[in-house]
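Read through the structure below, which is laid out as structure tokens, and then see the notes.
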Amino acid sequence: ISGTIFTSTVFMDYGSTTKAIPALTLPATTFEKWLIGWLYSYPIFMLVYTGLFFLSWYVLTLNWHWVPRHPVQQFGIGREDLILIFVMFSGLHSFALFGATFFKKLHFIQTGFVFFIGVGIFIVCNTTFLRIVTGIRHIRPALPFGTLNFAANDRDYFIGLKSDPSMLIVCLLMALAVLIWVAAYYRLKEKQV
């Protein structure tokens with residue numbers, strides 16, 4: 001959440017008429033301006049924030065007296081959960097960066113509003129599509145690429161893929177993040193004109 005808040009402020013100068021003139025007349029190409037905003041809000045922010053998080057976690061575990069027989073569990077860098085968090089942050093970052101270039105004021109609030117409304121519409125459309133395809137009326141709200149949950153004859157049923165589709169979802173989410181980053185660049189380029 002803090003990363004998306006910071007990202008939504010990267011292109012804040014373009015929303016104000018008094019601050020937009022110096023930002024627009026800066027002798028740099030649109031790609032350079034976008035790249036600097038992307039570098040500060042994505043890899044540099046991620047490295048600094050993650051470094052500070054692990055430093056504080058390390059200091060906390062050194063000085064905290066834990067309950068006996070319950071060792072402190074450290075986060076591992078190679079865990080699948082961290083890859084999923086990285087992909088989720090990439091998707092949220094790309095959406096926040098696009099919102100920073102799209103809206104003129106209240107970037108974070110308007111982007112968050114559009115995001116949650118879009119997710120709600122996406123879930124309703126997917127659930128409706130599943131009802132049409134399966135012919136089952138009592139389907140619980142479903143996300144795409146998730147399990148199909150429904151009740152029939154006083155029993156709950158779950159239908160999903162046998163193998164773990166996490167790599168497919170990771171690739172799709174990263175491709176979507178890249179597409180939204182490209183859209184944010186072209187939106188910034190449109191503001192330059």
Side-chain angles (χ1 to χ4, degrees), residues 1-11 30-31 33-50 53-54 75-103 107-136 138-150 156-190:
I1 292 172
S2 62
T4 57
I5 292 171
F6 177 71
T7 302
S8 67
T9 64
V10 171
F11 297 116
T30 307
F31 181 71
K33 293 174 187 177
W34 177 84
L35 187 62
I36 292 297
W38 183 83
L39 285 173
Y40 277 126
S41 64
Y42 187 66
I44 292 174
F45 178 84
M46 193 182 315
L47 289 173
V48 169
Y49 187 83
T50 306
F53 173 79
F54 280 113
F75 289 94
I77 298 297
R79 292 180 60 188
E80 290 181 20
D81 296 339
L82 289 179
I83 293 170
L84 186 60
I85 289 170
F86 170 74
V87 170
M88 287 173 42
F89 178 71
S90 299
L92 290 173
H93 174 270
S94 65
F95 201 77
L97 191 68
F98 183 77
T101 60
F102 189 78
F103 298 112
H107 307 283
F108 181 71
I109 294 170
Q110 289 181 346
T111 305
F113 185 73
V114 168
F115 176 77
F116 286 116
I117 293 295
V119 167
I121 290 171
F122 207 49
I123 289 173
V124 167
C125 289
N126 188 54
T127 306
T128 305
F129 174 74
L130 288 175
R131 284 183 183 140
I132 291 170
V133 168
T134 60
I136 301 170
H138 302 290
I139 293 178
R140 292 187 178 85
L143 285 170
F145 306 109
T147 59
L148 172 63
N149 301 328
F150 63 94
D156 290 331
Y157 295 96
F158 304 98
I159 299 174
L161 296 175
K162 186 175 181 180
S163 64
D164 186 22
S166 63
M167 194 58 186
L168 173 67
I169 293 173
V170 164
C171 292
L172 286 174
L173 288 176
M174 283 307 292
L176 182 63
V178 169
L179 286 174
I180 297 174
W181 282 327
V182 170
Y185 165 70
Y186 282 108
R187 177 67 181 156
L188 185 65
K189 191 172 184 177
E190 181 181 311

- Can any side-chain N or O of T101 pair as donor or acceptor with the backbone N or O of F98 at less than 3.5 Å? yes

- Message: Less than 3.5 Å apart, any donor N or O on the side chain of Y42 or S90 sitting next to an acceptor on the other?
- Response: yes

- Item | Summary of side chain to side chain donor-acceptor pair (under 3.5 Å) pairs that have at least one residue in residues 113-130, sequence neighbours excluded | none

- So M46 and F86, side chain to side chain contact (heavy atoms under 4.5 Å, CB included) or not? Walk me through it. CA-CA 9 Å; M46 193 182 315; F86 170 74; 3.7 Å; yes

- Note on the structure: What one should report as the nearest heavy-atom pair of V10 and G37 is CG1-CA, 3.3 Å

- Message: Let's go through F115 and L92 carefully: what are the C-alpha distance in whole Å and the side-chain angles of both, what is the deciding distance for side chain to side chain contact (heavy atoms under 4.5 Å, CB included) to 0.1 Å, and is it a yes or a no?
- Response: CA-CA 9 Å; F115 176 77; L92 290 173; 3.9 Å; yes

- If every non-hydrogen atom of H93 is compared with every non-hydrogen atom of W38, which pair is closest and at what distance? CE1-CD1, 3.6 Å

- Has I1 got more than 12 heavy atoms of other residues, nucleotides or ligands less than 6.0 Å from its CD1? no

- For R131, which residues count as a salt bridge (Lys or Arg N to Asp or Glu O under 4.0 Å) partner, sequence neighbours excluded? none

- Message: Run the side chain to side chain contact (heavy atoms under 4.5 Å, CB included) test on F89 and Y49 for me, step by step, so that the C-alpha distance in whole Å, both residues' side-chain angles and the decisive distance to 0.1 Å come before the verdict.
- Response: CA-CA 12 Å; F89 178 71; Y49 187 83; over 6 Å; no

- Query: Any idea which heavy atoms bring A177 and S94 closest together, and the distance?
  - Reply: O-CB, 3.4 Å

- Heavy-atom pair of closest approach, residues G3 and F45: CA-CE2, 3.2 Å

- Sequence neighbours left out, what passes side-chain contact (heavy atoms from CB on, under 4.5 Å) with I109? Give chain and number order. L106

- Task: Start with the C-alpha gap between L97 and W34, add the side-chain angles, then the distance that decides, and say whether side chain to side chain contact (heavy atoms under 4.5 Å, CB included) holds.
- Result: CA-CA 10 Å; L97 191 68; W34 177 84; 3.6 Å; yes

- Item | Closest heavy-atom pair and its distance - S8, A100 | O-CB, 3.7 Å

